[in-house]
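A quick write-up on the structure given underneath.
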Amino acid sequence: MWRLNKVRHKAGRQGDSLEELKLKRREHEKALRQARRDRQLVSKRLLLNDDEDLPQVTMDTNSGEQVRETLMNYGREAHLKTLSKVLRDPSAQLTFIKQENSMHLLVGFLTGSDATCRLQAVRCLHELSHSSHTNVSPACLPATPYLLTYLSGQSTKFTELCLYTLGNLCPDSDIVKEKLLAQGIIPALANCLENQRHNLAVVEAVGFTLSQFLQAKDAAEKIILTVLDSSLPSNLLSVLTSDPKFGLAPAIECAWCLHYLTLLLAHGTLLQCSSLLVSLGGAVAEGNKEEGMELFICPLLRCVGNLLSSCPGKDLSTQVGDVRIVVALYALLQAYLQTQPALARESAWVLNNLTAHSSAFCSALLDLNLVPGLIQLLPFSQGINTMILRILANIAHKKKEFCAQLAHHGLLSALCATLKMADQEMVTLSMDVLYMLVVSGPQVAEEFVRQGGLSLLEAIQYNSEGEIRRRATHLLEDHLLSYSSYCSVNTVTCLLN
């Protein structure tokens, strides 16, 4: 079953030659990938009691007094339970950490012999970890060694609370993050996942906490290598499944972790994530859109898209699998085009990275008759049309034969439309694709002239400036004007006959 309703999220891409055009596209795509890696998704989560809904706690101006009064009555489960509710108020959180010995007393209950008091104490710490005040997290440091120790035992609920508390503490303070790393949080998470990989609630919590650390700006230097040396990668991969009986929420959290770990080709991440996308794409194509499935698809797309950039072209078939991945990406693109355009754009981005490295996958798009559907998407905005043009450019760049097939599928008339768009990036990309088509052979160039392409380029040459005007001039003077007289002679001959 889904467990996402059990937590509350807190907000936390010049030249005339083909090679020059290819280099320019690759540099832009590298910038896009870097932007995706830099976009942080850090959040905090509040794990609720089973018997309560999202807390709607309103504290009065005496919340600080409530804290003092509760502290004076420390010693019983009821008082700790009351304190945990009081600590939902931001002002009460500040009051608590300023009280002398307050954290010392709380840690005392956390390490005491009374299991019920231990549970309520960790709930108090959990409420504090969810604070928006950045100075609250460092105040909780005396408790972190015990929270890490408790990951190896106790009940599921207790372990969950410890994990989410540790995950919440990380984003607010580099000091807390460094302390937790020094205290061995990565080995502790590895052991926890290893020992409780069949406990879905704990697996989800481990995934969340690990992802908080993997998003740190210095993760590549200080964290990722430690993770790679542990049992975490293989155990994270074992969680990835599209089986709803297992639960998508743990798989989503682990997929995001794998997204942040972009050095995992040796562990088979690319192949497994691709296989999952094939499975999910097939389900979506059949009309099965289980609620929340897109939350699983998104990190899988990010994993595959980023890993493709570091996968040698000769290894693609081994690492990605057969051409079914192309069909799956196309299905996801079409299925989420209207309802989730961002996810459709991600699907197109992965398809772009895939076709950039492989003639086989470009050929698959043509052989499976998927190109006409892609061409029909060129009028769409929100970055989808630009990504589609990049995919078509990848296909055109691979072989001259592919250019003839693209023209046969109606790409020339589509380019005549995109060249008229106000979007300058679309016009520039359209000229890149048009250049590759025109230089591929005289038949394509002649067809473009027959469709009125000369007057269109002349209008662009007259009305545009800079690079766009230069490209239009180059196409006209160096590649198309000779076909204009040829087409005119043919027209006259036909009329005379």
Side-chain angles (χ1 to χ4, degrees), residues 6-8 44-55 57 59 62-131 133 136-169 176 179-180 183-185 188-189 191-192 195-196 199 201-202 205-206 209:
K6 290 288 186 181
V7 297
R8 182 175 68 182
K44 290 191 176 187
R45 296 191 182 178
L46 184 63
L47 193 64
L48 305 179
N49 287 320
D50 292 334
D51 59 350
E52 64 179 336
D53 297 320
L54 288 175
V57 178
M59 294 294 174
N62 295 320
S63 59
E65 193 61 38
Q66 287 181 277
V67 173
R68 298 185 189 95
E69 188 176 317
T70 307
L71 284 172
M72 291 175 63
N73 292 310
Y74 252 164
R76 294 188 315 180
E77 173 197 353
H79 295 142
L80 287 170
K81 191 170 185 178
T82 300
L83 180 62
S84 69
K85 293 181 179 180
V86 173
L87 288 176
R88 289 176 181 170
D89 178 51
S91 62
Q93 296 162 357
L94 292 177
T95 300
F96 177 84
I97 65 173
K98 291 176 182 178
Q99 291 293 310
E100 186 178 1
N101 293 326
S102 59
M103 189 58 65
H104 175 74
L105 288 169
L106 192 55
V107 171
F109 287 111
L110 180 65
T111 59
S113 59
D114 190 325
T116 306
C117 286
R118 284 202 303 269
L119 180 60
Q120 292 304 324
V122 78
R123 179 160 287 286
C124 290
L125 286 165
H126 185 60
E127 296 290 348
L128 287 169
S129 75
H130 197 257
S131 175
H133 298 292
V136 173
S137 290
C140 296
L141 276 174
T144 55
Y146 305 103
L147 294 175
L148 290 172
T149 300
Y150 288 144
L151 296 185
S152 60
Q154 304 292 324
S155 67
T156 295
K157 178 60 68 178
F158 192 88
T159 304
E160 269 192 290
L161 280 167
C162 290
L163 284 166
Y164 282 114
T165 301
L166 290 166
N168 287 344
L169 291 174
V176 173
K179 285 283 188 181
L180 287 171
Q183 290 168 0
I185 190 168
L189 291 175
N191 290 333
C192 186
N195 297 329
Q196 303 205 46
N199 189 327
V202 173
V206 170
T209 302

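As a basis for the values below, the full set of heavy atoms in this structure was taken, side chains included, without hydrogen atoms, waters or symmetry mates.
Atom CG of N168 and atom CG of L125 lie 11.5 Å apart (nearest 0.5 Å). How far CE of M103 is from NZ of K98: 14.0 Å, rounded to the nearest 0.5 Å. The OG atom of S131 sits 6.0 Å away from atom CG of L94, with the distance rounded to the nearest 0.5 Å. The CG atom of L46 sits 4.5 Å away from atom NE2 of H126, with the distance rounded to the nearest 0.5 Å. Summarising the geometry, atom CG belonging to L147 is positioned 9.5 Å from atom CG belonging to L161; distances are rounded to the nearest 0.5 Å. The line from CG of L166 to CD1 of I185 is 4.5 Å long, rounded to the nearest 0.5 Å.
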Evaluation steps, side-chain contact (heavy atoms from CB on, under 4.5 Å), between D114 and F109 | CA-CA 8 Å; D114 190 325; F109 287 111; over 6 Å; no

Should T159 and Q196 be marked as a side-chain contact (heavy atoms from CB on, under 4.5 Å) after you check the CA-CA gap, both sets of side-chain angles, and the distance that decides it?
-> CA-CA 10 Å; T159 304; Q196 303 205 46; 4.1 Å; yes

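The closest donor-acceptor contact from the side chain of T165 to the backbone of S129 lies at 3.5 Å or more, if one exists at all. Checking side-chain atoms of R118 against main-chain N and O of G112 turns up a donor-acceptor pair under 3.5 Å. With K81 contributing its side chain and Q120 its backbone, the two residues share no donor-acceptor pair below 3.5 Å. A donor-acceptor pair under 3.5 Å is absent between the side-chain atoms of N101 and the main chain of H104, judged by distance alone.
Every residue meeting the side chain to side chain contact (heavy atoms under 4.5 Å, CB included) condition with P90, not counting sequence neighbours, appears here in chain and number order: Q93, H133. Among residues two or more places apart in sequence or in another chain, the side chain to side chain contact (heavy atoms under 4.5 Å, CB included) test is passed with A139 by I97. Scanning for side chain to side chain contact (heavy atoms under 4.5 Å, CB included) contacts around N191 gives N195, with sequence neighbours left out. Taking the side chain to side chain contact (heavy atoms under 4.5 Å, CB included) definition, one finds that T111 meets it with V107, Y146, Y150, sequence neighbours left out. For the side chain to side chain donor-acceptor pair (under 3.5 Å) test, no residue two or more places apart in sequence or in another chain qualifies with T209.
In this structure, S152 and T149 approach most closely via the heavy-atom pair OG-O, 2.8 Å. When all heavy atoms of H130 and K44 are compared, the closest pair comes out as CD2-CB, 3.8 Å. Summarising the geometry of L151 relative to A188, their closest heavy-atom pair is CD1-CB, 4.1 Å, with the distance given to 0.1 Å. Contact record, L80 with C117: CD1-O, 3.7 Å, taken as the closest heavy-atom pair.
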